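Model, not experiment: these values are computed from the prediction. For ligands, and for the atoms within them, numbers begin at 1 and follow the listed sequence.
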Amino acid sequence: MLTGLPPRILEYLTTTVLTFDADLRLTSINPAGEMLFEVSAKKIIGQSLSDLLPHSRRMVKALKDTLESGHPFTARGVPLKLPGGKTITVDCTVSPLADGDMEAALLVELTQVDRLLRLARDENMLDRQSANRAVMRGLAHEIKNPLGGLRGAAQLLERELPDKSLREYTRIIIHEADRLRNLVDRMIGPHQPLKKRPVNIHEVLEHVRRLMLVEIPVGLTITREYDPSLPELEAEPEQLIQAVLNIMRNSAEAMQNQGVIHLRTRAERQFTVGHKRHRLVLRVDIEDNGPGIPEEIREYIFYPMVTGKAGGTGLGLSIAQDIVAKHGGVIECRSRPGQTVFSIFLPLENGHG
Ligand SMILES: Nc1ncnc2c1ncn2[C@@H]1O[C@H](COP(=O)(O)OP(=O)(O)O)[C@@H](O)[C@H]1O
Ligand SMILES: [Mg+2]
């Protein structure tokens, strides 16, 4: 039947493929479908269409019509309420399988389009961020060179000063030069190539958790929901610690050190970062129940120097994104009052990125 195609091809499709029998009971679902419905095939095979999608009358009707008329049906941008309660938007094609057996009378293909939109945005965002980093690097270089000269000259001057009380001024020059240099270094992030080794993500998270609980001994609760079956990833743990720490500090600050941070890990299949699709990525969610990211900066929080705080540098998230990008991954964020989630996605293939 599948001339020339390997029989397991459906497993690799990112499009959801479902088949229904003539009584509109689900007879098969591919892994992309299991991901979309967030349920295992075992659990839902045999279910009737109306049980599967109790709130999507339009879809149910379309399938019934196709079955009766024998005409294929296509619709774009259909809202679909999933059994878990989430509503997504899909493009949908329903084809009658005329020569199909009783097992498969209808073929349904679903492509989640809100996800595609998001991925497109990712690509833009990644491009913009890397352009941004290039500008920052150039700028940093231009600042650091004269700064070195300035500091050196102040030191020489200090030695020659006849009156020790004047040293106060050279101290200020040197101190401020150091502060600026520090800021610039942080702006461009760590620049050495990554020293990757196999890392257990949970050790990274536990490390940060301990640090946070030492920093904020009362008021902050950090709960965990780890998937212990996750494999190790190739990464530089010190840098991942920095990235997670930056995100968690923001959460604690937003909640004024009073609240709950929830850490969650899981694996995701077939995930695209920029132009590259990965079979398996590790996902870390850092969720807080604080006030949420101020609306007016929500789109820009990953840019350097964007801050919602009086004394903020606006560098934390830009550095975190930089670190994760160097590991071939991406950080995304969803936020509303009472729930802010930063998700770090890190590819799990060995030797790539
Ligand atoms: N969990 C969060 N809840 C609310 N706002 C947040 C959260 N994380 C980040 N932000 C917002 O994003 C801004 C940028 O964060 P960041 O890049 O770390 O810089 P900084 O912390 O120095 O302001 C913060 O100032 C804050 O307004
Ligand atoms: Mg910060």
- Kindly say whether G292 contributes a backbone atom to a donor-acceptor pair with the side chain of S335 at under 3.5 angstrom? no
- Note on the structure: Listing protein N, O or S under 2.8 Å around the Mg ion (ligand 2) gives N250 OD1
- Task: Start with the C-alpha gap between T265 and D227, add the side-chain angles, then the distance that decides, and say whether side-chain hydrogen bond (donor to acceptor under 3.5 Å, both in side chains) holds.
- Result: CA-CA 6 Å; T265 58; D227 175 352; 6.0 Å; no
Using a cut-off of under 3.5 Å, which N/O atoms of ligand 1 pair up with protein N/O atoms, and what distance separates each pair?
from, atom 1, to, atom 2, distance (Å)
ligand 1, 1 (N), D288, OD2, 2.8
ligand 1, 17 (O), G316, N, 3.4
ligand 1, 17 (O), L317, N, 2.9
ligand 1, 18 (O), N250, OD1, 3.0
ligand 1, 18 (O), N250, ND2, 2.8
ligand 1, 18 (O), L317, N, 3.4
ligand 1, 19 (O), G314, N, 3.4
ligand 1, 21 (O), N250, OD1, 2.9
ligand 1, 21 (O), K309, NZ, 2.6
ligand 1, 22 (O), T313, N, 3.0
ligand 1, 22 (O), G314, N, 2.9
ligand 1, 23 (O), T307, OG1, 2.5
ligand 1, 25 (O), T307, OG1, 3.3
ligand 1, 25 (O), G308, N, 2.8
ligand 1, 27 (O), G308, N, 3.4

- Nearest heavy atoms of L10 and P31, plus distance in Å: O-CD, 4.1 Å
- salt bridge (Lys or Arg N to Asp or Glu O under 4.0 Å) involving R151 - partner list, sequence neighbours excluded: D178
- Identify whether the distance between the nearest side-chain nitrogen and carboxylate oxygen of R171 and E158 falls below 4.0 Å. yes
- Residues which pass ring pair (Phe, Tyr, Trp, His ring centres under 6.0 Å) with H262, listed by chain and number, not counting sequence neighbours: none
- Query: What orientation do Y226 and H202 show, parallel under 30°, tilted 30 to 60°, or perpendicular over 60°?
  - Reply: parallel
- Spacing of NE2 belonging to H278 relative to CG belonging to L346, to within rounding of 0.5 Å: 10.0 Å
- Message: If we check side-chain contact (heavy atoms from CB on, under 4.5 Å) with N30, which of these qualifies: I9, T15, L13?
- Response: L13
